[in-house]
**Student:** 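Quick one: the structure is below, and I'll ask about it shortly.
Lettering follows sequence order; numbering is per chain, from 1.
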Amino acid sequence: MDFINIEKKWQKTWADTRLYSFDKSKTDKKKYVLEMFSYPSGAKLHAGHWYNYGPSDSYARYLRMKGYEVFQPMGFDAFGLPAENYAIKTGVHPQDSTLKNIETMEGQLKAIGGSFDWDYEVVTCLPEYYKWTQWIFLQLYKKGLAYRKQAPVNWCTDCNTVLANEQVIDGCCERCGHPVIRKNLTQWFFKITDYAEELLQGLDKLDWPEKTKAMQRHWIGKSQGGEIEFECATGDKFRVFTTRADTIFGVSYVVLAPEHPLVDKLTTPEQKQAVEDYKAQTAKIAEIDRLSTTREKTGAFTGSYCINPINGERVPIWIGDYVVGSYGTGAVMGVGAHDDRDFAFADKYNLKIERVIKSADGSADDLPYCEHGVLVNSGEFDGMTTEEAIPAILAKLEKMGKGGVKTNYRLRDWLISRQRYWGCPIPIIHCDHCGEVPVPEDQLPVKLPYNVDFTPDGKSPLLKSEEFMNTTCPICGRPARRDPDTMDTFVCSSWYFLRYPDAHNDKMAFDPEIINKMLPVDKYIGGAEHACMHLLYARFFTKALRDMGYLNFDEPFTSLVHQGTILGPDGNKMSKSRGNVISPDDYVKKYGADAFRMYLMFGFSYIEGGPWNANGIDSIIKFLERVERLVIKAKKNQPKQELGKAEKELNYVRNYTIGRVDADMQTFSFNTAIARLMEFVNALYKYDSDLGDNKNQEFFYSCVDDLVLLLAPFVPHVSEELNEMMGGPYSVFNRAFPTCDESALVKDEYELAVQINSRVKAKIVVPSDADAEQIKAIALEEPTVKALLEGMNVVKTIVIPKRLVNIVVK
RNA sequence: GCCGAAGUGGUGGAAUUGGCAGACGCGCCGGACUCAAAAUCCGGUGAUGGCGACAUCGUGCGGGUUCAAGUCCCGCCUUCGGCACCA
């Protein structure tokens with residue numbers, strides 16, 4: 001079979017006949033199948049792209065043949081750091097390299113044989129798209145969901161530039177090797193934390209991998225506890241957050257984060273030097289390097305004291321970088337006896353450690369004791385359990401006006417400012433008189449200028465473009481400056497699935513009437529690496545836009561599947577530096593896109609992936625040629641004949657195959673679906689060689705016809721060709737997927753195993769309608785069984801119809 | 001450290017959710033066709049012992065529940081992902 005030319009032939013026919021064009025009048029039967037769009041960094045698709053797009057395209061084709069109107073669009077996540085870095089290295093402008101890469105990748109995606117409707121293509125770096133990214137920014141801003149505040153960035157003092165986390169290697173700049181420090185800049189945030197609770201609750205209803213949902217739950221990190229207010233001698237007050245209010249009588253100190261706003265005020269003159277030194281020291285350590293539990297706890301005494309509201313005790317106020325400024329209140333109470341970290345800190349600085357919880361059975365004496373237990377040395381609360389004491393103590397504090405129940409989330413607001421060129425400009429103008437002014441919507445898009453010096457030299461690249469920066473204030477008309485930052489690319493990808501169904505609308509981001517019919521996405525397919533970022537941001541955008549009235553659904557992706565990763569032959573992630581990258585091109589050139597796709601679907605479990613090996617890719621060719629020979633043998637328009645015994649057996653296999661392939665497609669179990677197809681082919685060969693010229697030609701033809709239809713999603717070009725060879729109508733993808741005839745699966749009799757003491761000793765054939773008693777009788781009469789039971793005492797007999805009989809003897 | 005997933009022949013991977021472990025392939029062995037080879041077709045293939053029918057063992061390790069465990073429970077080991085001082 002000439003796979004290469006067959007592919008060209010059908011790709012042209014499909015394009016000429018606009019076969020994959022989505023019919024908007026049929027949204028009642030729509031299925032929105034979406035693969036995560038790709039980043040056009042390299043010029044070529046790699047094996048991972050194939051593994052994502054090939055099998056999921058087969059799934060889309062299967063749905064189409066099941067009678068759905070499938071919407072399967074494709075686009076590119078085109079802004080981002082790699083293109084900019086590439087530009088810095090080579091001088092090729094990011095826009096030029098990106099658009100060129102996109103063109104190449106479009107061609108390759110067509111070569112895979114993907115059934116994408118390119119009329120709906122979306123490219124995030126084009127003004128007609130990012131205009132609406134900016135529009136969404138403005139809606140969030142209006143709603144109070146976009147705001148500015150100071151936040152640290154990774155700053156290389158040598159390059160004078162901001163670095164992304166992945167550009168910081170072991171605390172040093174990846175480019176020059178100089179140490180990286182944290183520096184505060186005023187930056188834009190999206191207030192995703194407003195949606196923390198709904199983002200958490202919504203997970204329960206989603207058909208997503210449990211693992212991914214667990215990761216999001218953990219990322220959101222809901223924690224129920226309480227806040228407790230401590231008052232200082234100066235009259236200043238601050239609160240701590242704790243989940244263990246029951247340990248409050250054991251507080252022997254409190255710790256503020258070094259960046260806590262009260263630190264300077266509370267520091268006494270004698271302690272000023274020590275505190276300043278400590279703050280300088282922690283500023284040197286980038287946040288990502290604040291490495292966890294293994295790092296020794298450090299801190300400094302402020303010289304001030306505060307009052308424990310529950311017992312009036314005077315406790316010292318410390319600062320320490322083991323307290324995270326951005327979580328809770330940025331302050332914790334120190335209970336050395338009942339927290340591992342507090343214990344280490346108290347031990348190091350000789351702070352009091354007093355037990356206030358003992359184990360319920362009094363067994364555990366060691367400190368720190370971090371389990372729940374019973375209160376001691378806790379005044380009126382003595383004898384209560386942890387579970388009783390927490391609400392009781394918080395209730396009392398609330399009555400005193402000194403705290404109460406509080407829920408915290410680990411989730412932080414989303415920092416979207418990037419001090420980079422190749423991204424979507426932020427549509428805000430800074431005016432000396434009017435302050436922060438949103439760009440009026442009729443002035444969108446704020447275009448990213450082409451001629452910009454993006455070499456890293458300490459300034460945001462856009463800041464150096466006078467043409468871009470200088471504008472007039474929309475309110476007062478005086479000269480003003482634009483915001484020089486661009487948005488995180490995750491902003492662009494947080495709404496692209498909303499744009500696809502209405503991709504060319506130049507009046508709005510999307511028409512609510514259209515997307516309310518087209519969304520949510522029915523099946524979303526992509527890598528597990530997006531579990532927390534992209535998938536969470538997209539959910540946030542959907543909910544925020546819903547609350548603004550732009551759409552009417554709660555979740556963007558009803559059902560989600562992660563494909564596994566194809567690793568290099570050595571079992572490691574493919575990477576250029578390891579030299580273990582498998583290029584699909586050579587295989588595609590040799591075997592064709594269909595065979596390569598089918599091999600990927602057969603040789604791996606789709607969800608799991610695994611190390612690449614080419615063993616067996618030849619067998620796919622062999623298999624397809626076996627199918628072709630059947631097609632050649634199948635004769636159309638033969639007279640109808642009664643089905644004999646051999647035909648009934650084959651018909652059983654045919655319908656069993658249909659049922660199993662149907663079920664396997666729905667669970668993305670492509671490898672087993674193909675295994676069933678191979679079995680069907682084996683059965684067809686057996687039938688053909690057994691009966692030769694005496695076979696039922698009409699029946700044989702219909703079986704082979706079903707085979708071609710079943711095969712179509714897996715090998716689209718080949719099946720289209722085979723369908724044509726058989727005289728079937730164009731296109732095979734306009735034909736219906738075969739349906740399973742349940743009556744063909746009903747057998748008169750079936751075989752089951754007979755066990756004696758759980759070991760298979762014989763096989764029996766029983767009528768299909770036999771009940772347990774009859775099956776038991778047949779089993780006991782079976783000669784081998786009968787002989788083995790001679791002189792044995794049958795204790796009991798278990799009969800599982802359709803499975804086995806187990807006779808227990810002594 | 002915490003959370004999650006996985007561990008099955010020489011090999012990629014199956015197993016209707018507690019019911020005949022190893023489907024379907026690859027590889028290997030044998031046979032048919034052929035002067036021969038390739039291609040193709042058919043058969044065999046977990047391990048050990050036995051000429052043999054058969055027996056024993058076998059799903060990371062050790063226990064347990066059950067007539068029956070790859071699957072459930074308890075305790076470990078290893079690998080891979082995620083989180084990482086979140087009070």
**Student:** May I ask you to verify if any side-chain N or O of A:Ser689 is less than 4.0 angstrom from the OP1 or OP2 atom of B:C41?
**Tutor:**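 Answer no for this pair, as no side-chain N or O of A:Ser689 is under 4.0 Å from OP1 or OP2.
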**Student:** For B:C85, which nucleotide in any strand shown is its Watson-Crick or wobble partner with both distances under 3.5 Å?
**Tutor:**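 Paired with no nucleotide.
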**Student:** Taking only the P atom of each, what is the distance from B:G1 to B:G9 in whole angstrom?
**Tutor:**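 Roughly 29 Å separates the two P atoms.
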**Student:** Which nucleotide wins on minimum distance to the side chain of A:Arg410, given the candidates B:C26, B:A84, B:U40?
**Tutor:**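 The nucleotide sitting nearest to the side chain is B:A84.
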**Student:** Output yes when at least one side-chain N/O atom of A:Arg629 is less than 4.0 Å from OP1 or OP2 of B:C41, else no.
**Tutor:**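 Yes, A:Arg629 has a side-chain N/O under 4.0 Å of OP1/OP2 on B:C41.
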**Student:** Tell whether A:Arg676 reaches the base of B:A23 with its side chain through a donor-acceptor pair below 3.5 angstrom.
**Tutor:**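 Donor-acceptor pair under 3.5 Å: yes.
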**Student:** Which of the following nucleotides, B:C20, B:C83, B:C67, is nearest to the side chain of A:Val760?
**Tutor:**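 Among B:C20, B:C83, B:C67, the one nearest the side chain of A:Val760 is B:C20.
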**Student:** Just the rounded figure in Å: distance from P of B:A87 to NZ of A:Lys222.
**Tutor:**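 Distance, rounded to whole Å: 14 Å.
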**Student:** I need the CD-P distance between A:Gln224 and B:A87, as an integer number of Å.
**Tutor:**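 Nearest whole value for this atom pair: 11 Å.
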**Student:** Is there a donor-acceptor contact under 3.5 Å linking the side chains of A:Ser223 and A:Asn408?
**Tutor:**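 Note: A:Ser223 and A:Asn408 side chains miss the donor-acceptor criterion.
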**Student:** Just so I know, are the side chains of A:Leu397 and A:Ile248 near enough to count as touching, which here means a heavy-atom distance under 4.5 Å?
**Tutor:**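 SC-SC contact between A:Leu397 and A:Ile248 confirmed.
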**Student:** Nearest to the A:Gln755 side chain among B:G25, B:C85, B:C20, which nucleotide is it?
**Tutor:**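 Nearest nucleotide to the side chain: B:C20.
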**Student:** Which residue, A:Ala214 or A:Asn671, contacts RNA chain B at a nucleotide closer to its 5' end, judged by nearest heavy atom?
**Tutor:**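 Per heavy-atom nearest nucleotide, the more 5' residue is A:Ala214.
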**Student:** Taking CD from A:Glu608 and C1' from B:U79, how many angstroms apart are they, rounded to a whole number?
**Tutor:**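 It is 13 Å, rounded to the nearest whole Å.
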**Student:** Are A:Tyr253 and A:Phe345, when compared by the centres of their aromatic rings, separated by less than 6.0 Å?
**Tutor:**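 Yes.
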**Student:** Just call it for A:Lys802: base, sugar-phosphate, or nothing, with non-hydrogen atoms closer than 4.0 Å on any strand.
**Tutor:**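 Counting heavy atoms under 4.0 Å across all strands, no contact is made by A:Lys802.
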**Student:** Could you check whether A:Asp706 pairs with A:Arg654 (Lys NZ or Arg NE/NH1/NH2 to Asp/Glu carboxylate O, under 4.0 Å)?
**Tutor:**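 A salt bridge is present here (some side-chain N lies under 4.0 Å from a carboxylate O).
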**Student:** Which nucleotide, if any, forms a Watson-Crick or G-U wobble pair with B:A36, using both distances under 3.5 Å?
**Tutor:**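 By the stated definition (distances under 3.5 Å), nothing pairs with B:A36.
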**Student:** Does any nucleotide pair with B:U59 by Watson-Crick or G-U wobble geometry, both distances under 3.5 Å, and what is it?
**Tutor:**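 Partner of B:U59: none.
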**Student:** Using the C1' atom as the point on both nucleotides, what is the distance between B:G10 and B:C29, in whole Å?
**Tutor:**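 13 Å, rounded to whole Å.
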**Student:** Under a 3.5 Å cut-off for both distances, is B:C80 Watson-Crick or wobble paired, and to whom?
**Tutor:**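 Across all strands, the one nucleotide that pairs with B:C80 is B:G4.
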**Student:** Which part of the nucleic acid, if any, lies within contact of A:Arg217, taking any heavy atom under 4.0 Å across all strands shown: a base, the sugar-phosphate backbone alone, or nothing?
**Tutor:**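 The residue A:Arg217 makes no contact with any strand.
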**Student:** Which one is paired to B:G27, where only Watson-Crick or G-U wobble pairs with both distances under 3.5 angstrom count?
**Tutor:**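 When the pairing criteria are applied, B:U45 turns out to be the nucleotide that pairs with B:G27.
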**Student:** Please check the phosphate of B:A87 (OP1 and OP2 only) for any side-chain N or O of A:Tyr327 closer than 4.0 Å.
**Tutor:**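 Indeed, a polar side-chain atom of A:Tyr327 lies that close.
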**Student:** RNA chain B: A:Met678 or A:Gly609, which has the more 5' nearest nucleotide?
**Tutor:**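 Checking each residue's closest nucleotide, the 5'-ward one belongs to A:Gly609.
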**Student:** Write down the distance between CD (A:Glu628) and P (B:C41), rounded to a whole number of angstrom.
**Tutor:**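 Value for this atom pair: 13 Å.
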**Student:** Nearest to the side chain of A:Ala753 - B:A87, B:C20, B:A23?
**Tutor:**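 Shortest atom-to-atom distance from the side chain points to B:C20.
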**Student:** Distance under 6.0 Å and angle within 45° of the ring axis: does A:Lys695 meet both against A:Tyr687?
**Tutor:**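 Pair A:Lys695/A:Tyr687 does not count as cation-pi.
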**Student:** Please confirm whether the shortest side-chain N or O distance from A:Asn682 to OP1 or OP2 of B:C42 is below 4.0 Å.
**Tutor:**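 Negative; the distance criterion is not met.
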**Student:** For this output row, return yes or no: ring centroids of A:Tyr606 and A:Tyr51 closer than 6.0 angstrom.
**Tutor:**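 Yes, close enough.
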**Student:** Expressed in whole Å, how much space separates the C1' atoms belonging to B:C61 and B:G7?
**Tutor:**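 So the two C1' atoms sit 11 Å from each other.
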**Student:** Give none if B:G19 has no partner; otherwise give the nucleotide forming a Watson-Crick or G-U wobble pair with it, both distances under 3.5 Å.
**Tutor:**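 WC or wobble partner is B:C67.
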**Student:** Describe the nucleic acid contact of A:Lys761 in one word from base, sugar-phosphate, nothing, applying a heavy-atom distance below 4.0 Å.
**Tutor:**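 Sugar-phosphate contact only.
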**Student:** Between A:Tyr327 and A:Phe241, how do the two ring planes meet: parallel, tilted or perpendicular, split at 30° and 60°?
**Tutor:**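 Rings of A:Tyr327 and A:Phe241: perpendicular, over 60°.
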**Student:** Going by a 90° cut-off around 0, is B:G70 syn or anti?
**Tutor:**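 For B:G70, whose glycosidic angle is more than 90° from 0, the conformation is anti.
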**Student:** Counting the atoms with a prime plus P, OP1 and OP2 as sugar-phosphate, which does A:Phe602 contact under 4.0 Å by heavy atoms, base, sugar-phosphate, or nothing?
**Tutor:**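 Answer is base: heavy atoms of A:Phe602 come under 4.0 Å of a base.
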**Student:** From the list B:C83, B:G19, B:C26, which nucleotide is the closest neighbour of the side chain of A:Leu804?
**Tutor:**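 Of B:C83, B:G19, B:C26, B:G19 is nearest to the side chain of A:Leu804.
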**Student:** Aromatic ring centroids of A:Tyr587 and A:Trp612 under 6.0 Å?
**Tutor:**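 Yes - the distance between ring centres of A:Tyr587 and A:Trp612 falls below the 6.0 Å cut-off.
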**Student:** Could you work out which one of B:G19, B:A87, B:C42 sits closest to the side chain of A:Thr243?
**Tutor:**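 Comparing B:G19, B:A87, B:C42 against the side chain of A:Thr243, the answer is B:A87.
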**Student:** Take the protein atom CG of A:Leu630 and the nucleotide atom C1' of B:C41, then report the distance between them rounded to whole Å.
**Tutor:**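 Taking atom C1' of B:C41 as the reference, CG of A:Leu630 is at 13 Å.
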**Student:** Base of B:U17 relative to its sugar, syn (within 90° of 0) or anti?
**Tutor:**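 In terms of base orientation relative to the sugar, B:U17 is syn.
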**Student:** Please give, in whole Å, the distance from B:A14 C1' to A:Phe668 CZ?
**Tutor:**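 The distance from CZ of A:Phe668 to C1' of B:A14 comes to 20 Å, rounded to the nearest Å.
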**Student:** Sticking with atom P, work out how far B:G12 lies from B:A23, rounded to a whole angstrom.
**Tutor:**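 About 15 Å, rounded to a whole number of Å.
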**Student:** Where the side chain of A:Ser758 is defined as all heavy atoms beyond and including C-beta, which of B:C41, B:A68, B:G25 is the nearest nucleotide?
**Tutor:**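 Shortest atom-to-atom distance from the side chain points to B:A68.
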**Student:** Who is the Watson-Crick or G-U wobble partner of B:C51, with both distances under 3.5 Å?
**Tutor:**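 None - no nucleotide pairs with B:C51, as no candidate has both distances under 3.5 Å.
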**Student:** Could you check how far CH2 of A:Trp612 sits from C1' of B:G13, rounded to whole Å?
**Tutor:**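 The answer, rounded to whole Å, is 15 Å.
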**Student:** For atom P, what is the distance between B:C73 and B:U65, given to the nearest Å?
**Tutor:**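 It comes out at 15 Å once rounded to the nearest Å.
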**Student:** Of all the nucleotides listed (B:A87, B:C67, B:G25), which has the minimum atom distance to the side chain of A:Val808?
**Tutor:**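 Nearest to the side chain of A:Val808 among the choices is B:C67.
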**Student:** For B:U40 and B:A21, measure between their C1' atoms and round to the nearest Å.
**Tutor:**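 Looking at atom C1' only, B:U40 and B:A21 are 32 Å apart.
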**Student:** Examine the base of B:C3 for any acceptor or donor lying under 3.5 Å from a partner atom in the side chain of A:Lys211, and report the outcome as yes or no.
**Tutor:**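 Donor-acceptor pair under 3.5 Å: no.
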**Student:** For the residue pair A:Tyr409 and A:Thr193, confirm or rule out a side-chain donor-acceptor distance under 3.5 Å.
**Tutor:**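 Note: A:Tyr409 and A:Thr193 side chains miss the donor-acceptor criterion.
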**Student:** What's the gap between B:C20 and B:G58 when it is taken at their C1' atoms, as a whole Å value?
**Tutor:**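 Per the computed distance, 15 Å lies between those C1' atoms.
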**Student:** Does the side chain of A:Ser223 get closer than 4.0 angstrom to OP1 or OP2 of B:A87 through an N or O atom?
**Tutor:**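 It does, given that an N or O in the side chain of A:Ser223 lies less than 4.0 Å from OP1 or OP2 of B:A87.
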**Student:** How close or far is atom P of B:G1 from atom CD of A:Glu296, stated in whole angstroms?
**Tutor:**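 About 19 Å, once rounded to whole Å.
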**Student:** Which part of the nucleic acid, if any, lies within contact of A:Asn806, taking any heavy atom under 4.0 Å across all strands shown: a base, the sugar-phosphate backbone alone, or nothing?
**Tutor:**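 Since a base atom lies under 4.0 Å of A:Asn806, the category is base.
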**Student:** Got a donor-acceptor contact below 3.5 angstrom from the A:Lys213 side chain to the A:Leu203 backbone?
**Tutor:**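 Flag set: sc A:Lys213 to bb A:Leu203 pair under 3.5 Å.
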**Student:** Kindly point out which of B:A87, B:C83, B:G19 is positioned nearest to the side chain of A:Ile800?
**Tutor:**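 Ranking B:A87, B:C83, B:G19 by closest atom to the A:Ile800 side chain puts B:G19 first.
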**Student:** What contact category does A:Lys622 fall into here, base, sugar-phosphate, or nothing, at under 4.0 angstrom with non-hydrogen atoms?
**Tutor:**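 It contacts sugar-phosphate atoms only.
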**Student:** Name the pairing partner of B:G9, where a pair is Watson-Crick or G-U wobble with both distances under 3.5 Å, or state none.
**Tutor:**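 In the structure as shown, B:G9 has no Watson-Crick or wobble partner.
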**Student:** Using a heavy-atom cut-off of 4.0 Å across all strands, would you classify A:Gly603 as base, sugar-phosphate, or nothing?
**Tutor:**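 Sugar-phosphate contact only.
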**Student:** Classify A:Gly571 by what it touches in the nucleic acid, base, sugar-phosphate, or nothing, heavy-atom distance under 4.0 Å.
**Tutor:**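 Since no nucleic acid heavy atom lies under 4.0 Å of A:Gly571, the category is nothing.
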**Student:** Taking B:G60 as the reference, what is the distance to B:A68 when you measure between their C1' atoms (whole Å, please)?
**Tutor:**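 Those two atoms are separated by 23 Å.
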**Student:** Respond yes when some side-chain nitrogen or oxygen of A:Arg803 is under 4.0 Å from OP1 or OP2 of B:C67, and no when none is.
**Tutor:**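 Result: no.
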